[in-house]
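The structure appears right after this line, and notes come after that.
Note that this is a predicted model, so its numbers are computed, not measured. Naming: A, B, ... by sequence-line order, numbering from 1 per chain. Scope of the values below: all heavy atoms of this structure, side chains included, with no hydrogens, waters or symmetry mates.
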There are 2 protein chains.
Amino acid sequence: MNEVKKESKQGKIRAQSEAKILEAAQEEFILQGYKGATVQSIADRAGLPKANILYYFKNKENIYHAVLEHTLDTWDKGIGDIDPDQGPKIAIEKFIASKVRMSFQHSSSSKIYAMEIIQGAQHLKEFARTYLRRWVREKAALFQHWIDNGEMVDVDPYKLIFLIWSTTQHYADFEIQVLTVMNRAEYEEEDQEQVTAFLTDIILRGCGLK
Amino acid sequence: MNEVKKESKQGKIRAQSEAKILEAAQEEFILQGYKGATVQSIADRAGLPKANILYYFKNKENIYHAVLEHTLDTWDKGIGDIDPDQGPKIAIEKFIASKVRMSFQHSSSSKIYAMEIIQGAQHLKEFARTYLRRWVREKAALFQHWIDNGEMVDVDPYKLIFLIWSTTQHYADFEIQVLTVMNRAEYEEEDQEQVTAFLTDIILRGCGLK
DNA sequence: TGGTAACTTGACTATAAGGTTAAAATATTT
DNA sequence: AAATATTTTAACCTTATAGTCAAGTTACCA
């Protein structure tokens, strides 16, 4: 239920302000961590006075929750559903492409998510225990089905999913390391394609699908 | 230059205290982030009074630097050198095994490192720009040599290194997610072996080495 | 054994940060 | 145009935390 206020000028101001605040907060939380990101620093980045921030979000934790919610939305949209009818090759291709796209287009969300998990998943335990676990179990069953059918090599489906997650997310979470090592300032258009092509190539071959 | 104080009782006390403090600090920095980890919380975890912590390390930032130094030490030891004479298959096998071992045995170091990079590598920029970049360039040249020799499939060596890093580190950094999704309390002895076997299998095949 | 250095610790201080309040400004509605 | 609701903002309050200090204790050494 996305509270859609009536389209008044004030409603627009609220929506704009909240969006500005959330974007600023996301960056601050990434760069400084939860405790290190101050309401003042978020305010400065958003270009608003501190008290204004606390008018829209009652307190700092609420801001963080809103950022996390946005993160899970992004995760959900970016996960890329696996269609069982297309067979393993197409399924894996689409899965990889979707996750790479998400890493390159929404790297901040990926970083927030990664930090949460590394720090003990304080706010995501429930998400992992329910939603995520079911998602992985379902997709793993699909892979297992293809393996039993001889359509792909016998590899542990769980570990295969982890492999695709980790390799794709790496380009978001470790963006700075990747760029530094390659002596580049930022990702270019073609990087996303090249990464997709590389991962698809090596993983498909790894699964005996090439 | 590891200041080896003469083996007095006090020297021993210093060494023991510093070790206790660093271990406690590492955990706190992971769980709470730099700003969120308080000197008091580190003291509590180490079982020492706060003022004592600040006697051994002048201030909080020094504690963090010491933790990071230990992290880079661990990274350095765990990276696993690649021997060019053995050919790509053995090289990749050893590389993967070494990184998986590091992830399972020193997951805290991996987490500290990951958080640093995600947060902008404030303290590791220099390390990445010099040491890491050279390391990757050298290893990439080796892989390229094998590719040119037709000893393995033509894949981008840089991306191959990133792939091995990301898949292996995933089991340390995302430990909680992996365990939660698999509905397990903690890693067992055999997990490390199974992960090593899985990754070796799929990556070697992905490189046309199986 | 007396003096010095290393260590321990409770009490204290300064400051930064989250959050409140109340009053002013702006927008909306009737 | 008056009344009401929303938004903006400065000033203030409270608490938590990094770091200091000084007085004590323990170990070392001549």
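- One donor-acceptor pair, N or O on each side, does fall under 3.5 Å between the base of C/dG19 and the side chain of A/K50.
- You'll find the side chain of B/Q119 stays beyond 4.5 Å of the side chain of A/Q32, heavy atoms only.
- Taking B/S41 as the reference, B/E28, B/T38 meet the side chain to side chain donor-acceptor pair (under 3.5 Å) condition, with sequence neighbours excluded.
- Distance CZ (B/F57) to P (D/dT20): 16 Å, rounded to an integer number of Å.
- Taking the C1' atoms of five terminal pairs at each end of the helix from C/dT1-D/dA30 to C/dT30-D/dA1, the two resulting helix axes are inclined by 10°, rounded to 10°.
- Side-chain N/O atoms of B/K35 include one lying less than 4.0 angstrom from OP1 or OP2 on C/dA17.
- The separation between A/E18 atom CD and D/dT8 atom P is 11 Å, rounded to whole Å.
- Residues meeting the side chain to side chain donor-acceptor pair (under 3.5 Å) test with A/Q40, sequence neighbours left out: A/D44.
- Under the side chain to side chain donor-acceptor pair (under 3.5 Å) criterion, B/K139 pairs with B/D81, sequence neighbours left out.
- Within the 4.5 Å cutoff, the side chain of B/Q192 has heavy atoms near those of the B/V100 side chain.
- For the pair B/Q16 CD and C/dT8 P, the interatomic distance rounds to 11 Å; values are reported in whole Å.
- Atom-to-atom, CG of A/L54 to P of C/dA22 comes out at 16 Å; the value is rounded to the nearest Å.
- At a threshold of 4.5 Å between non-hydrogen side-chain atoms, the residues B/F174 and A/W165 do not count as touching.
- Sorted by first then second residue, the ring pair (Phe, Tyr, Trp, His ring centres under 6.0 Å) pairs that include residues 21-53 of chain B, not counting sequence neighbours, are B/F29-B/Y34, B/F29-B/Y64, B/Y34-B/Y64.
- Annotation: salt bridge (charged side-chain N to carboxylate O under 4.0 Å, His left out) contacts involving residues 175-187 of chain B, sequence neighbours excluded, comprise B/K111-B/E175, B/R184-B/D191.
- A/Y55 has a side-chain polar atom (N or O) that falls below the 4.0 Å cut-off from OP1 or OP2 of D/dT7.
- What separates CD1 of B/I53 from P of D/dT20 is a distance of 15 Å, to the nearest Å.
- Of the side-chain N and O atoms in B/Y56, one or more sit less than 4.0 angstrom from OP1 or OP2 of C/dT8.
- The side chain of A/P49 sits closest to D/dT9 out of C/dT9, D/dT9, D/dT17.
- Going from atom CD of B/Q40 over to atom P of D/dT15 covers 18 Å, rounded to whole Å.
- Between B/R14 and the phosphate of C/dC7, there is a side-chain N or O to OP1/OP2 separation shorter than 4.0 Å.
- For B/N62 and D/dA18, the CG to P distance is 14 Å, given to the nearest whole Å.
- In terms of phosphate contacts, B/N52 brings a side-chain nitrogen or oxygen within less than 4.0 Å of OP1 or OP2 of C/dT9.
- Using a 4.0 Å heavy-atom criterion, one finds that A/A43 contacts no nucleic acid atom at all.
- Toward the 5' end of DNA chain C, the nearer of the two residues A/G36 and A/A51, judged by each one's closest nucleotide, is A/G36.
- D/dT15 atom P lies 17 Å from atom CG of A/N59, rounded to whole Å.
- Residue B/K60 places no side-chain atom within donor-acceptor reach of the base of D/dG19, judged by atom type and a 3.5 Å distance cut-off alone.
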